[in-house]
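Shown next, in structure tokens, is the structure this report addresses.
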Amino acid sequence: MQKKNDILITGGHAATTAIPVIEKLQKEYSGYNLFWVGPKSAVEGKFVPTLASEVMPKLGVKFIPITTGRLQRKFTIWTIPSLLKIPIGILQSFKILFDIKPKIILSFGGYASVPVCFAGFVLGIPVFVHEQTVAVGLANKISSSFAKKIFIAREESKQSLHDCLGKKIFLVGNPISSEILKIPAKTKISKSPTLYITGGSSGAQRINNAVSEILYELLKNYKVIHQTGKLDYQKFENLKNEFPTDLKKNYEVYAFLDPKNVSNIFEKSDLIISRAGANTISEIAITGRPAIIIPIPWTSYNEQFKNAQMLEKSGQAIVLEEKYLTGQNLLNKINLVIKNWKSMANKKSEIAELDKKAAGKIVQEIEEYLK
């Protein structure tokens, strides 16, 4: 392309989904300036850097922080301060859009994206929205009213959107990184099976607490790669240092994993233990690794449980609801999956085939619109 086109990308916690699209834009079309607008902290009331704030600058995408609040389903000490941030986020969004004057806004959902999409609509900037989950989240339900095009990862998402939006809804799948797509199927379990335990980029303390109860026992039989999140990292680093040398060598602990390195972890893993974020579900389906899925129970419309059910129905995963999550229950599930590993691995999945082409479809739609 001869002419530079500025594209503003926004999202709450969807950087992993956006990265394949960003990389495809950068690889195939050099004429784009890319900006990411989102929160700097992933946790209300605490400073835990978001994945986007750490990764986007490394990709050559300018990160612009926004201060905005979310609509909370239960009242906490952060509810009032969070609500008061909403008008601040709207004002910031207008200023950012006036400064950048992007040709298009591409939103990947999350509460931080709503004021950006609203401001874009008011200013006449085309808004494209991508929804990763089966049940459309509240943020994307709002933003879809401002959108010219709505990309959905799953056919079931249409049920959560208004009928009047049907003409602008496109089924594209969930974008997956090229590194994940290159991972070969694993035909047999490793002699010393490797478990990859993750609660997402910010970690999951409920999962971490269950793991801490059984970690010593796990390391006797398995290798463990554990992504804890920054809040719990030091606790597990200290725990590792207390183990004897023969167990210590079986344990890798990380606060945070750069998405570029996740493919290496998946490649050597025999079993994935994780939340049910849409991107993680897609990665598990594509790589064919058996999984134990622990959905977040408080997500809007129970979207994580619905994500997890898709993988369980294929026979590739077992769902462990958080209300039943204890160290012993988790250990029992791990041993069960290892015992049945061969029958659970490399299941055929419709979502895997769809997701392989998702990034390309989104980029094609953007390119067609900007011609």
Side-chain angles (χ1 to χ4, degrees), residues 1-15 17-19 21-26 29-42 49-57 59-71 82-132 136-151 165 168 170 175 362-363 365-371:
M1 296 179 63
Q2 300 297 318
K3 178 177 148 181
K4 284 281 184 183
N5 285 308
D6 290 347
I7 297 177
L8 188 147
I9 308 170
T10 183
H13 305 294
T17 309
I19 287 170
V21 177
I22 289 168
E23 290 179 332
K24 200 157 191 69
L25 280 167
Q26 292 172 327
Y29 305 100
S30 60
Y32 293 115
N33 290 319
L34 303 178
F35 301 82
W36 178 280
V37 176
K40 287 192 77 171
S41 179
T50 58
L51 178 64
S53 67
E54 299 202 337
V55 171
M56 291 302 163
L59 295 174
V61 178
K62 184 174 180 182
F63 178 84
I64 303 172
I66 188 172
T67 302
T68 190
R70 69 182 80 195
L71 297 173
S82 187
L83 288 173
L84 293 174
K85 291 177 186 175
I86 292 175
I88 297 173
I90 293 173
L91 291 173
Q92 286 180 330
S93 297
F94 274 105
K95 183 181 185 310
I96 290 166
L97 293 177
F98 273 124
D99 290 344
I100 296 174
K101 298 181 177 62
K103 292 290 180 66
I104 195 169
I105 295 169
L106 176 59
S107 170
F108 286 92
Y111 69 96
S113 68
V114 177
V116 179
C117 292
F118 170 72
F121 174 75
V122 172
L123 295 173
I125 301 168
V127 175
F128 289 7
V129 170
H130 182 271
E131 172 57 51
Q132 298 97 51
V136 179
L138 178 59
N140 269 349
K141 276 195 170 184
I142 297 170
S143 295
S144 64
S145 301
F146 311 129
K148 284 199 174 290
K149 293 190 178 185
I150 303 164
F151 305 126
L165 300 175
K168 57 182 181 180
F170 301 86
I362 293 173
V363 169
E365 290 289 341
I366 291 171
E367 181 64 12
E368 285 293 322
Y369 192 86
L370 291 177
K371 275 183 178 177

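Computed from a predicted structure; not experimentally measured.
Relative orientation of the Phe151 and His130 rings is tilted, given thresholds of 30° and 60° on the angle between their planes. The aromatic rings of Phe94 and Phe118 stand perpendicular to each other, their planes meeting at an angle above 60°, with 30° marking the opposite boundary.
Of the possible polar contacts, none joining the Ser113 side chain to the Thr10 backbone as a donor-acceptor pair under 3.5 Å is found. One N or O on the side chain of Gln26 and one on the backbone of Leu59 form a donor-acceptor pair closer than 3.5 Å. In this structure a side-chain-to-backbone donor-acceptor pair under 3.5 Å is missing from Lys149 to Phe170. Under a 3.5 Å cut-off, the side chain of Glu131 and the backbone N or O of Gly109 do not form any donor-acceptor pair. Within the 3.5 Å criterion, the main-chain N or O of Thr67 finds a donor-acceptor partner in the side chain of Gln92.
Here the CE-CG distance, from Met56 to Leu51, works out to 7.0 Å after rounding to the nearest 0.5 Å. Here CD1 of Ile104 is found 6.0 Å from CD1 of Ile7. Values are rounded to the nearest 0.5 Å. Rounding to the nearest 0.5 angstrom, the gap separating the CD1 atom in Ile66 from the NZ atom in Lys95 is 12.0 Å. To the nearest 0.5 Å, the span separating OG1 on Thr17 from CD1 on Ile362 amounts to 9.0 Å.
Side-chain atoms of Val37 and Ser93, non-hydrogen and from C-beta on, never get closer than 4.5 Å to each other. You'll find the side chain of Ile64 stays beyond 4.5 Å of the side chain of Leu8, heavy atoms only.
The salt bridge (charged side-chain N to carboxylate O under 4.0 Å, His left out) contacts involving residues 104-122 comprise nothing, where partners must be two or more places apart or lie in separate chains.
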Could you check Ser144 against Val129 for side chain to side chain contact (heavy atoms under 4.5 Å, CB included), going step by step and ending with a plain yes or no?
CA-CA 7 Å; Ser144 64; Val129 170; 5.5 Å; no
Could you check Lys101 against Ile125 for side chain to side chain contact (heavy atoms under 4.5 Å, CB included), going step by step and ending with a plain yes or no?
CA-CA 8 Å; Lys101 298 181 177 62; Ile125 301 168; over 6 Å; no
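Annotation for Phe63 and Pro39: closest pair CZ-O, 3.5 Å, computed over non-hydrogen atoms. The minimum heavy-atom distance linking Ala112 with Val116 is given by the pair O-CG2, 3.7 Å. Of all heavy-atom pairs spanning Ile22 and Val61, the tightest one is CG2-CG2, 3.7 Å. Ala139 and Tyr111 make their closest contact through CB-N, 4.0 Å (heavy atoms, listed as atom of the first residue, atom of the second, distance). Taking all atoms of both residues into account, the shortest heavy-atom contact from Ile105 to Gly120 is CD1-CA, 3.6 Å. Contact detail for Asn140 and Ser107: the closest heavy-atom pair is OD1-OG, 4.2 Å.
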